[in-house]
2 protein chains.
Amino acid sequence: MCSVADDRDLTAKANIRNAALRLFAERGHDAVTVREIAAAAGVSPGLVVHHFGSKEGLRAAVDAYAAQAFDSLFAMDGQDLASAMTGDNWGSVAEMLVRAFPHGSPLPAYLRRLFLVNDPAGAALFGRWYALTRRLLDSMTEVGAVRQAEDPAVRAAFFLVNDLALVLLRNQVAAAIGVDPLTPEGVARWAQEVTAVYTKGAFVIAPSEEPS
Amino acid sequence: MCSVADDRDLTAKANIRNAALRLFAERGHDAVTVREIAAAAGVSPGLVVHHFGSKEGLRAAVDAYAAQAFDSLFAMDGQDLASAMTGDNWGSVAEMLVRAFPHGSPLPAYLRRLFLVNDPAGAALFGRWYALTRRLLDSMTEVGAVRQAEDPAVRAAFFLVNDLALVLLRNQVAAAIGVDPLTPEGVARWAQEVTAVYTKGAFVIAPSEEPS
DNA sequence: ACAGACGCTGAACGTGCGTATAGCCTCTTA
DNA sequence: TAAGAGGCTATACGCACGTTCAGCGTCTGT
């Protein structure tokens with residue numbers, strides 16, 4: 001019964017969890033061995049299973065820790081919702097991540113793993129964020145900050161997916177445009193162009209447009 | 001010296017490669033064993049290494065096969081470039097994938113893995129597609145089909161990344177909107193809304209907009 | 001001071017992996 | 001028909017993995 005000590009994260013147990021989080025994010029669960037995690041945390045392999053029961057238990061603990069970190073973005077997003085509804089800037093998941101996590105944090109990469117491995121935790125996270133995006137867009141539509149969507153479900157998915165794509169393809173985007181998009185400078189440059197497309201559009205309407 | 005027989009893909013070697021492609025796409029290279037690939041192909045494990053030298057050799061062969069399949073999309077995109085420049089519909093990577101690969105093809109999932117693992121092949125593919133997107137947008141800008149971008153490099157990355165996101169988050173999007181976006185029906189519904197945003201925009205311009 | 005618990009280590013165990021090897025069966029070629 | 005090559009299998013080997021276990025030091029409560 002140690003329900004008090006797990007908040008104070010200065011212990012070896014926390015070191016193991018942090019090392020595992022970083023290694024899992026970098027290389028994936030299967031490609032990381034318990035011995036590597038132990039070495040990175042400066043402890044023996046036996047201590048890992050002593051604290052977490054098994055490698056799978058460690059994975060669950062890391063998942064829970066990351067999920068808590070990501071859910072803390074919800075509260076922040078709740079108050080961002082009001083400012084976003086003014087419509088004067090683009091409040092995105094990527095911007096939230098940049099503001100919430102310091103440079104070099106393994107959490108964006110861990111988020112990427114969650115989505116790309118079809119992890120149930122990732123699916124649940126996507127579902128919550130999708131519902132949030134949908135509600136946000138509905139609210140903004142009522143206020144008149146965004147146009148009425150032809151297909152609200154798809155548009156909410158489109159917006160969310162575009163934000164997440166910046167996290168998922170961070171490295172490739174950085175190589176393409178020369179700036180890491182998950183840095184303050186990078187996200188600013190990204191947001192400027194995205195806002196332009198989202199407000200003014202990009203394609204010129206063709207003269208032969210079908211009314212349908 | 002068997003440089004003739006490797007085109008005719010009815011052999012056990014091709015079966016092994018196809019089984020490996022499917023399993024690699026579904027679960028990742030490391031999570032799949034040579035014994036599983038052999039069982040899926042209906043051969044013995046020894047035959048895998050006999051034909052491909054090692055598991056890494058098999059991986060390279062599968063990579064080359066997939067790269068060839070994806071590069072074949074280039075030619076198709078070359079002739080799509082002309083139709084896309086008319087501006088009457090949204091020619092995207094996702095639409096190309098839907099048209100090029102039958103339902104249940106492992107190639108979209110394999111593409112997802114390529115990007116997930118920071119594979120050099122994935123980085124190269126992204127680079128080529130980015131250059132293509134950039135050129136396409138430049139051409140369309142000259143013709144007047146799209147507005148002049150404030151930041152052309154970022155806008156090209158934004159467009160490409162949005163398309164790829166549909167591939168990367170296919171399952172999550174399917175769960176959210178109720179339709180697999182990589183089916184003809186799904187991509188049609190997706191394209192309609194995306195085209196609407198790309199042409200008319202989504203956000204209403206706020207009265208207090210900073211010029212700067 | 002003593003006893004129990006806890007954090008932690010180092011060595012060991014069993015398993016499943018990728019790979020090597022020896023040999024079988026079936027074609028082809030002369 | 002004899003001989004050789006190549007597709008293919010069965011078995012086994014060595015290794016690295018996750019996990020177990022006996023035991024060490026230290027800290028805490030009585």
Side-chain angles (χ1 to χ4, degrees), chain A residues 1-65 110 113 117 119 121, chain B residues 1-66 110 113 117 119:
Chain A
M1 303 297 183
C2 50
S3 61
V4 184
D6 53 1
D7 307 2
R8 330 197 105 231
D9 275 350
L10 299 155
T11 63
K13 185 174 182 178
N15 281 334
I16 294 171
R17 179 179 33 67
N18 291 341
L21 172 64
R22 184 169 298 274
L23 288 171
F24 285 167
E26 286 173 2
R27 318 212 315 256
H29 299 106
D30 295 342
V32 177
T33 69
V34 173
R35 285 169 173 84
E36 283 175 320
I37 297 169
V43 299
S44 73
L47 192 62
V48 175
V49 59
H50 175 254
H51 275 309
F52 297 95
S54 66
K55 188 185 182 183
E56 189 57 33
L58 173 58
R59 191 191 113 97
V62 171
D63 268 1
Y65 179 77
Y110 198 82
R113 294 274 168 194
V117 189
D119 197 298
Chain B
M1 302 297 184
C2 50
S3 60
V4 184
D6 52 1
D7 307 0
R8 329 196 105 232
D9 276 349
L10 300 154
T11 63
K13 185 174 182 180
N15 281 334
I16 295 172
R17 179 182 27 71
N18 291 340
L21 173 63
R22 182 169 301 273
L23 288 170
F24 285 167
E26 286 173 2
R27 316 207 322 252
H29 300 106
D30 296 342
V32 177
T33 69
V34 172
R35 286 167 174 82
E36 284 175 321
I37 297 168
V43 299
S44 75
L47 192 62
V48 175
V49 58
H50 175 255
H51 275 309
F52 296 96
S54 67
K55 188 185 183 183
E56 189 57 33
L58 174 57
R59 192 192 112 97
V62 171
D63 268 2
Y65 180 76
Y110 198 81
R113 292 277 168 192
V117 192
D119 198 298

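Numbered from 1 within each chain, the chains take letters A, B, ... in sequence-line order. Values below: every heavy atom of this structure, side chains too, minus hydrogens, waters and symmetry copies.
- Taking the side chain to side chain contact (heavy atoms under 4.5 Å, CB included) definition, one finds that A:Ala64 meets it with nothing, sequence neighbours left out.
- Here salt bridge (Lys or Arg N to Asp or Glu O under 4.0 Å) pairs that include residues 37-51 of chain B, with residues two or more places apart or in two chains, number zero.
- Residue A:Asp30 contributes atom CG, which lies 15 Å from atom C1' of D:dA16 at whole-angstrom precision.
- In this structure B:Arg22 satisfies the side chain to side chain contact (heavy atoms under 4.5 Å, CB included) test together with B:Glu26, B:Pro106, sequence neighbours excluded.
- When all heavy atoms of B:Val32 and B:Leu23 are compared, the closest pair comes out as CG2-O, 3.5 Å.
- A search for side chain to side chain contact (heavy atoms under 4.5 Å, CB included) contacts involving B:Ala39 returns nothing, not counting sequence neighbours.
- Taking every nucleotide of DNA chain C with any atom under 4.0 Å from a non-hydrogen atom of chain B, the first and last of them, 5' to 3', are C:dC17 to C:dT19.
- Applying the salt bridge (Lys or Arg N to Asp or Glu O under 4.0 Å) rule to pairs touching residues 41-51 of chain A yields nothing, sequence neighbours excluded.
- Annotation: salt bridge (Lys or Arg N to Asp or Glu O under 4.0 Å) contacts involving residues 41-63 of chain B, sequence neighbours excluded, comprise B:Glu56-B:Arg59, B:Arg59-B:Asp63, B:Arg59-B:Asp119.
- Scored by the salt bridge (Lys or Arg N to Asp or Glu O under 4.0 Å) test, A:Glu36 finds A:Arg27 as partners (sequence neighbours excluded).
- Protein atom CG of A:Leu58 is 16 Å distant from nucleotide atom P of D:dC17, rounded to whole Å.
- Going from atom CG of B:Asn15 over to atom P of D:dT9 covers 11 Å, rounded to whole Å.
- For DNA chain C, the neighbouring residues in residues 33-55 of chain B, judged by any heavy atom under 4.0 Å, are B:Thr33, B:Val34, B:Arg35, B:Ser54, B:Lys55.
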